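Let me begin by presenting the structure, written as structure tokens, before commenting on it.
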Amino acid sequence: MALKSLGALVAPLLLCCALLTALLRGVDVYDALLTGARRGLKTAVDILPALLVLYPAIYLLRASGLPELLGRVLSPLLEALGVPTETGLLMLLRPLSGSGAMSVASEIIARCGPDSLPGRTAAVMLGSSETTFYVVAVYFSAAGVKHSRWAIPAALCADLACFLSSAWVCRLLWGP
């Protein structure tokens with residue numbers, strides 16, 4: 001019980017420490033809060049066009065059935081690499097959509113079981129990878145980067161390395 005009430009005090013204590021530090025340094029706290037809010041709103045306005053394009057594009061791709069078709073086509077290659085074929089669609093969607101990947105992972109876990117190799121692999125893949133195109137769109141837009149050059153190919157290579165290593169580590173730990 002004491003640990004629970006101590007945990008409830010962490011946020012107020014951190015806030016008090018931040019306020020005390022600001023006061024000791026002579027920082028105008030109200031002005032700093034307004035400046036931060038102004039910057040946050042500017043960032044939100046800057047990334048809005050990227051989000052307005054990205055979300056419908058992801059929805060259209062998912063609705064087209066193309067990811068499922070690619071997953072079936074790639075299943076022999078995945079099997080040869082030691083990756084559970086059930087995770088093929090997850091690997092295709094994760095760089096595009098976090099919520100789409102989450103729904104696919106939930107489906108894999110519901111169908112195969114949470115303690116199955118595909119279920120565990122899906123969970124590890126989901127937890128150790130990133131929604132590449134979302135991150136590039138949001139952060140590059142916020143930073144004012146117009147040309148991504150090699151960032152997207154490098155990030156997709158990192159995603160592939162993450163997916164393969166997730167499958168191999170899960171196979172190593174929990175067997176075939």
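This is a predicted model, so every value here is computed, not measured. Basis for what follows: all heavy atoms, side chains included, without hydrogens, waters or symmetry-related copies.
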So, Thr132 versus Asp159: side-chain donor-acceptor pair below 3.5 Å or not?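 Side-chain D/A pair, Thr132 to Asp159: present.
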I'd like to know if the side chain of Ser128 pairs up with that of Ser166 as donor and acceptor (distance under 3.5 Å, no hydrogens or angles considered).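 Judged by distance alone, the side chains do pair up.
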Answer yes or no: is there a donor N or O on one side and an acceptor on the other, between the side chain of [X] and the main chain of [Y], under 3.5 Å?
X: Arg171; Y: Gly82; value: yes
X: Thr131; Y: Tyr134; value: no
X: Arg120; Y: Trp174; value: no
X: Ser116; Y: Cys112; value: yes

In Å and rounded to the nearest 0.5 Å, what is the [atom1] to [atom2] distance from [X] to [Y]?
X: Cys16; Y: Leu23; atom1: SG; atom2: CG; answer: 10.5 Å
X: Leu14; Y: Leu19; atom1: CG; atom2: CG; answer: 11.0 Å
X: Ser103; Y: Ile108; atom1: OG; atom2: CD1; answer: 9.5 Å
X: Arg72; Y: Leu78; atom1: CZ; atom2: CG; answer: 13.5 Å
X: Phe163; Y: Leu81; atom1: CZ; atom2: CG; answer: 13.5 Å
X: Trp168; Y: Thr121; atom1: CH2; atom2: OG1; answer: 12.5 Å

Give the intermediate values and the outcome of side chain to side chain contact (heavy atoms under 4.5 Å, CB included) for residues Arg38 and Thr43. CA-CA 9 Å; Arg38 206 173 289 118; Thr43 300; over 6 Å; no
Are [X] and [Y] grouped together when hydrophobic residues (ILVMFWY) are joined by side-chain heavy atoms under 4.5 angstrom apart?
X: Val169; Y: Leu160; result: no
X: Met102; Y: Met91; result: yes
X: Leu164; Y: Val124; result: no
X: Tyr139; Y: Leu48; result: no
X: Leu34; Y: Val29; result: no

Considering all heavy atoms of both residues, which atom of [X] and which atom of [Y] are nearest to each other, and what is their separation?
X: Leu156; Y: Pro95; answer: CD2-CB, 4.0 Å
X: Val45; Y: Pro49; answer: O-CD, 3.4 Å
X: Leu126; Y: Ala105; answer: CD2-CB, 3.7 Å
X: Ala122; Y: Thr87; answer: N-CG2, 4.2 Å
X: Leu70; Y: Leu92; answer: CB-CD1, 3.4 Å

What's the verdict on side chain to side chain contact (heavy atoms under 4.5 Å, CB included) for Arg94 and Met125, showing C-alpha distance, side-chain angles and the deciding distance? CA-CA 9 Å; Arg94 182 62 175 162; Met125 285 179 176; over 6 Å; no
Could you please spell out the steps behind the side chain to side chain contact (heavy atoms under 4.5 Å, CB included) verdict for Val135 and Phe140? CA-CA 8 Å; Val135 168; Phe140 280 25; over 6 Å; no
Side chain to side chain contact (heavy atoms under 4.5 Å, CB included) evaluation trace for Glu79 with Val83: CA-CA 6 Å; Glu79 200 170 294; Val83 179; over 6 Å; no
